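First up is the structure itself, then whatever we jot down about it.
Since the structure is predicted, the reported quantities are computational estimates derived from the model, not experimental observations. Along the sequence shown, residues are numbered consecutively beginning with 1.
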Amino acid sequence: MTELCDLTGAALSAKLAGGEVSAVEILESSLGRADTIDDRVGAFLTRTPELARERAEELDVYRATGAPLSPVAGIPTALKDVFTTNGVRTTCASRILENYVPPYDSTAWARLSGDGAVLVGKTNCDEFAMGSSNENSAFGPVHNPWDPTRVPGGSSGGSAAAVAAGEAVWALGTDTGGSVRQPASLCGVVGLKPTYGLISRYGLIAFASSLDTVGTLTRCVRDAATLLSALGGKDPRDATSLDGDRLDYTEGLEDGVSGLRVGVVAEASGEGVEPGVGMAVEAAIERLAALGAEVAEAHLPHAEYALSAYYLIAPSECSSNLARYDGVRYGLRAGGTHADSVAMMFETRGEGFGAEVKRRVMLGTYALSAGYYEAYYGQAQKVRTLIIRDYEAAFERFDVLASPTSPTTAFPIGAKVDDPMAMYLNDIFTIPANLAGVRPQPSKPISASAFVRRSSPEDPSRAAPAAETIRATLARITATATRICPVIGSWRTSHPRSTATTGFTCAYVLTSDVRATRNNHR
């Protein structure tokens with residue numbers, strides 16, 4: 001018998017609105033699942049059952065008055081532990097913030113909370129969102145609920161695992177180089193990474209500011225669209241957030257893909273892709289063609305340099321952002337006596353940061369140092385420009401680009417911890433779109449996103465279509481994902497042989513202000 005915690009958010013919202021179940025009943029189902037299995041999965045760092053019960057009870061009282069509810073109201077929600085939450089511990093899975101309790105809410109959670117979402121806890125992740133396997137947490141790894149001997153992907157592995165296991169109905173994560181898409185792939189859930197700036201980053205503890213993007217992890221495409229509808233819209237507290245009001249992204253979910261021009265990225269089908277992943281991608285492309293899409297080969301000539309450029313740009317921004325953790329203002333301060341403040345900072349950062357964070361801080365500091373800035377960071381930004389041009393050229397021919405999301409399926413815990421390069425290669429197919437400013441919209445098991453050419457003052461004929469057109473394009477692709485590979489059944493009774501995904505890349509129109517912001521990072 002299917003339990004409430006195994007249903008989609010859309011199904012639960014309908015039951016709640018129809019009076020078939022209460023918000024408390026929905027919540028208790030998720031809390032009971034977490035009580036049963038989280039010791040084995042390790043998805044949560046902080047659970048909030050008391051706060052959740054209080055909110056659910058309030059919602060039931062409110063619903064009894066006959067007042068309408070938001071589609072997110074009453075749905076058990078988990079947050080990656082990089083979102084600030086007023087009065088709830090926020091650690092970034094790091095010892096340096098182990099006891100930090102923020103005095104304010106991030107915009108993403110404030111919007112969901114304002115619409116009645118129920119917070120069940122903060123999920124485990126790679127420390128400061130740096131990793132691809134969720135083995136870099138200071139508080140222990142997350143286990144893939146389909147097979148606890150394997151990784152769930154990272155860095156949003158706790159959020160993906162919680163949704164896959166029924167401990168939460170949906171969750172928020174963050175994606176800097178693939179950290180929503182890759183764990184969604186390995187855990188068999190829907191991962192949605194919106195356009196940079198579509199969801200406010202206010203209250204999101206930063207890793208790499210020009211790349212960090214709030215994303216969602218759900219069990220179906222409709223839930224992803226519902227969450228995006230609640231989260232989007234301009235935020236005056238985030239200078240990089242896109243102008244415009246919230247939109248309803250559930251419109252057009254039933255449309256097909258007939259006539260859609262799909263480019264299969266040739267550079268993403270070579271060495272390093274597991275046979276099972278390649279077969280899954282080919283099957284998805286064939287299915288798209290059968291549904292009426294026009295499929296042809298696409299090329300991104302400079303994509304092979306994206307990984308190297310990313311691991312100069314992201315660590316450089318990380319080095320700058322993490323300089324604030326010095327033992328002076330907040331967070332950990334190393335105990336004992338110190339000769340001076342510099343010695344105190346050295347010891348605090350040495351104790352507080354894990355090995356991967358230290359590695360990236362050192363890489364970034366070196367790349368930004370005098371004498372090396374232009375040779376490394378400056379060159380990486382030039383590569384970023386070349387990758388942007390590759391995408392723009394490809395989208396002259398295609399509406400959508402397709403590639404694998406991850407080159408492998410979920411690998412055993414510990415298999416790559418001693419080989420950083422092997423770990424970094426897990427993001428080889430997701431990173432190029434991040435650098436280009438193209439914001440993929442992955443969906444289990446097909447990553448869907450669309451790129452729309454931007455209007456140009458030099459060429460007004462290239463005017464970008466209205467937001468409604470873009471929204472419909474995204475909906476056509478994401479809806480098709482469900483037709484190609486149906487949602488996997490209960491994690492307790494099923495075990496997917498492969499959770500390989502196909503990535504469909506597109507992007508939103510960028511306003512002139514956002515274009516200027518992006519150009520500053522080139």
Side-chain angles (χ1 to χ4, degrees), residues 9 41-46 72 75-85 90-93 106-109 111-112 117 119-134 136-137 141-142 144-145 151-165 167-196 198-201 203-208 211-219 223-224 226-228 230-232 405-406 426-427 430 434 439-444 447 449 499 501:
V41 177
F44 286 95
L45 291 177
T46 301
V72 305
I75 307 301
T77 303
L79 299 179
K80 183 177 181 179
D81 203 23
V82 295
F83 292 92
T84 56
T85 41
T90 302
T91 71
C92 291
S106 60
T107 294
W109 172 239
R111 288 182 174 177
L112 291 182
L119 179 64
V120 294
K122 310 290 289 294
T123 57
N124 203 348
C125 57
D126 285 301
E127 185 179 7
F128 282 99
M130 299 179 196
S132 302
S133 66
N134 221 137
N136 294 327
S137 170
V142 177
N144 194 314
V151 302
S155 62
S156 305
S159 290
V163 173
E167 299 178 78
V169 174
W170 51 38
L172 296 191
T174 59
D175 193 308
T176 306
S179 291
V180 162
R181 292 162 285 170
Q182 190 246 17
S185 168
L186 300 192
C187 287
V189 297
V190 176
L192 175 70
K193 182 181 184 297
T195 303
Y196 180 89
L198 184 61
I199 301 175
S200 170
R201 293 187 299 114
L204 170 62
I205 297 175
F207 162 18
L211 298 164
D212 293 344
T213 308
V214 177
T216 66
L217 294 122
T218 62
R219 295 203 192 103
D223 282 5
T226 297
L227 271 180
L228 185 61
L231 290 164
T405 296
S406 172
N426 281 286
D427 297 330
T430 54
N434 292 59
R439 301 301 163 191
Q441 313 273 334
S443 166
K444 181 195 71 66
S447 305
S449 46
T499 54
T501 68

Those residues that, when tested against D81, pass salt bridge (Lys or Arg N to Asp or Glu O under 4.0 Å) (two or more places apart): K122
Which atom of Q182 lies closest to which atom of G153, heavy atoms considered: OE1-CA, 3.2 Å
Gap between atom OG1 of T213 and atom CG of N434 - 0.5 Å precision: 6.5 Å
L79 side, atom CG; L45 side, atom CG - distance, nearest 0.5 Å: 12.0 Å
Side-chain donor or acceptor of R111 paired with backbone N/O of L231 under 3.5 Å: yes
Polar side-chain atom of T430 near backbone of G177 as donor-acceptor pair, under 3.5 Å: yes
Nearest heavy-atom neighbours spanning V142 and G42: CG2-O, 3.3 Å
Residues which pass side chain to side chain contact (heavy atoms under 4.5 Å, CB included) with E127, listed by chain and number, not counting sequence neighbours: S94, F353, V357
Check: N426 side chain, S133 main-chain N or O, donor-acceptor pair, under 3.5 Å: no
Test side chain to side chain contact (heavy atoms under 4.5 Å, CB included) applied to V190 and D223, step by step: CA-CA 9 Å; V190 176; D223 282 5; over 6 Å; no
Validation row: L228, L198 side chains within 4.5 angstrom (heavy atoms): yes
Sequence-distant partners of N136, side chain to side chain contact (heavy atoms under 4.5 Å, CB included), two or more places apart: D126, E356
I205 side chain reached by T84 side chain, heavy atoms, under 4.5 Å: yes
Side-chain H-bond candidate by donor/acceptor type, S156 with K80, under 3.5 Å: yes
Closest contact, heavy atoms only, A93 versus C125: CB-O, 3.1 Å
V180 side chain near V214 side chain, heavy-atom distance below 4.5 Å: no
T123 side chain vs A43 backbone, donor-acceptor pair below 3.5 Å: no
Step-by-step side chain to side chain contact (heavy atoms under 4.5 Å, CB included) determination, I75 to T226: CA-CA 12 Å; I75 307 301; T226 297; over 6 Å; no
Distance in Å, L211 CG paired with T174 OG1, rounded so as to fall on 0.5 Å steps: 11.5 Å
Donor-acceptor under 3.5 Å (D427 side chain, G178 main chain): no
Shortest non-hydrogen contact between V41 and A161, atoms and distance: CG1-CB, 3.8 Å
Polar side-chain atom of T77 near backbone of W170 as donor-acceptor pair, under 3.5 Å: no
Pairwise side-chain contact, V82 with C92, heavy-atom cut-off 4.5 Å (strictly under): yes
Step-by-step side chain to side chain contact (heavy atoms under 4.5 Å, CB included) determination, N144 to C187: CA-CA 7 Å; N144 194 314; C187 287; 4.2 Å; yes
Under 3.5 Å donor-acceptor, D175 side chain and R181 backbone: yes
Rounded distance [0.5 Å steps], OG1 in T216 versus CD1 in I199: 6.5 Å
Between OG on residue S179 and CG on residue D212, distance to nearest 0.5 Å: 9.0 Å
Under 3.5 Å: donor-acceptor pair, side chain of S137, backbone of N134: no
Donor-acceptor contact below 3.5 Å, side chain R219 vs main chain V163: yes
From T107 atom OG1 to F83 atom CZ, the distance as rounded to the nearest 0.5 Å: 10.5 Å
